[in-house]
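All remarks here apply to the structure that follows.
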Amino acid sequence: MLIFLAPVSAFDQNLAEDASVNRLWDSFLIWRTVCSSKLLRDVSFILLLNKYDILDAKLKAGMQFAAYVTSYKTRENNTEAVLQCAWHVFLGTMRQVFLTWR
């Protein structure tokens with residue numbers, strides 16, 4: 001079993017080692033890499049979208065998720081909508097990878 005933690009509150013932050021890379025986007029890329037690993041083909045995955053409380057505080061303070069994730073566009077700027085969006089990106093990536101294995 002593999003447990004993957006993705007900090008959804010990091011949408012407005014960049015990596016310390018590469019300031020040009022968004023931390024949430026980096027989580028998506030790492031997730032794709034992990035899901036694509038043939039070594040992990042028979043492993044069960046658990047995805048945890050963590051730091052929900054920090055995400056909630058940022059959005060309630062008026063920070064706009066769409067300003068950092070342009071594909072989010074004009075969707076509602078609330079915690080549940082943002083979590084749904086992130087969940088769908090992670091899940092869609094996993095499904096896409098698994099379909100290529102068939």
Side-chain angles (χ1 to χ4, degrees):
M1 181 180 308
L2 182 132
I3 299 173
F4 189 90
L5 296 170
V8 290
S9 65
F11 68 89
D12 63 329
Q13 300 169 355
N14 293 335
L15 297 177
E17 59 273 20
D18 185 350
S20 68
V21 178
N22 177 280
R23 287 185 63 198
L24 182 58
W25 184 251
D26 188 56
S27 293
F28 291 142
L29 295 175
I30 293 169
W31 175 249
R32 177 180 296 282
T33 301
V34 168
C35 289
S36 299
S37 172
K38 293 191 185 226
L39 294 173
L40 300 174
R41 183 178 281 192
D42 297 323
V43 172
S44 297
F45 291 89
I46 296 176
L47 172 64
L48 299 174
L49 302 179
N50 72 336
K51 300 195 178 183
Y52 171 94
D53 56 332
I54 298 171
L55 171 68
D56 189 53
K58 286 180 178 183
L59 296 177
K60 285 182 178 174
M63 191 168 285
Q64 296 296 311
F65 187 75
Y68 299 91
V69 181
T70 54
S71 62
Y72 193 70
K73 301 190 190 232
T74 60
R75 292 182 236 173
E76 291 185 52
N77 195 59
N78 65 51
T79 307
E80 289 303 317
V82 168
L83 286 173
Q84 283 262 326
C85 176
W87 171 252
H88 285 294
V89 171
F90 281 108
L91 186 61
T93 299
M94 185 180 216
R95 284 182 177 154
Q96 182 182 19
V97 168
F98 288 175
L99 287 175
T100 63
W101 288 354
R102 291 183 174 186

Next on the checklist: Could you see if Leu83 belongs to whatever hydrophobic cluster contains Leu5? Use Ile, Leu, Val, Met, Phe, Trp, Tyr and a side-chain cutoff under 4.5 Å.
Outcome noted: no
Item to check | Heavy-atom closest contact (Tyr72 atom, Ala81 atom, distance) | outcome: OH-CB, 3.2 Å
Checklist entry - Can you list the other members of the hydrophobic cluster that holds Val21, where links are side-chain heavy atoms under 4.5 angstrom apart? => result Leu15
Next on the checklist: Do Val8 and Val82 have side chains that approach each other closer than 4.5 Å (heavy atoms only, starting at C-beta)?
Outcome noted: no
Checklist entry - Are Val89 and Trp31 close enough that some pair of their side-chain heavy atoms sits under 4.5 Å apart? => result no
Checklist entry - For atom CZ of Arg95, is the number of surrounding heavy atoms from other residues, nucleotides or ligands below 6.0 Å larger than 12? => result no
Next on the checklist: Could you check whether atom CD of Gln13 has more than 12 heavy atoms from other residues, nucleotides or ligands sitting under 6.0 Å from it?
Outcome noted: yes
I need the [X] [atom1] to [Y] [atom2] distance, nearest 0.5 Å.
X     : Y     : atom1 : atom2 : answer
Leu24 : Asn14 : CG    : CG    : 11.5 Å
Ile30 : Cys35 : CD1   : SG    : 12.0 Å
Phe90 : Phe45 : CZ    : CZ    : 13.0 Å

Checklist entry - Which residues pass the side-chain hydrogen bond (donor to acceptor under 3.5 Å, both in side chains) test with Ser20, sequence neighbours left out? => result Asp18
Checklist outcome for this item: Residues pairing under salt bridge (Lys or Arg N to Asp or Glu O under 4.0 Å) where one sits in residues 23-34, two or more places apart or in two chains, turn out to be none
Return a table of donor-acceptor pairs under 3.5 angstrom between the side chains of residues 47-66 and protein atoms on other chains or two or more places apart.
from  : atom 1 : to    : atom 2 : distance (Å)
Tyr52 : OH     : Glu80 : OE2    : 3.3
Asp56 : OD1    : Thr79 : OG1    : 2.6
Asp56 : OD2    : Lys60 : NZ     : 3.1
Lys58 : NZ     : Ser9  : O      : 2.7
Lys58 : NZ     : Asp12 : OD1    : 2.5
Lys58 : NZ     : Asp12 : OD2    : 3.4
Gln64 : NE2    : Gly62 : O      : 3.4

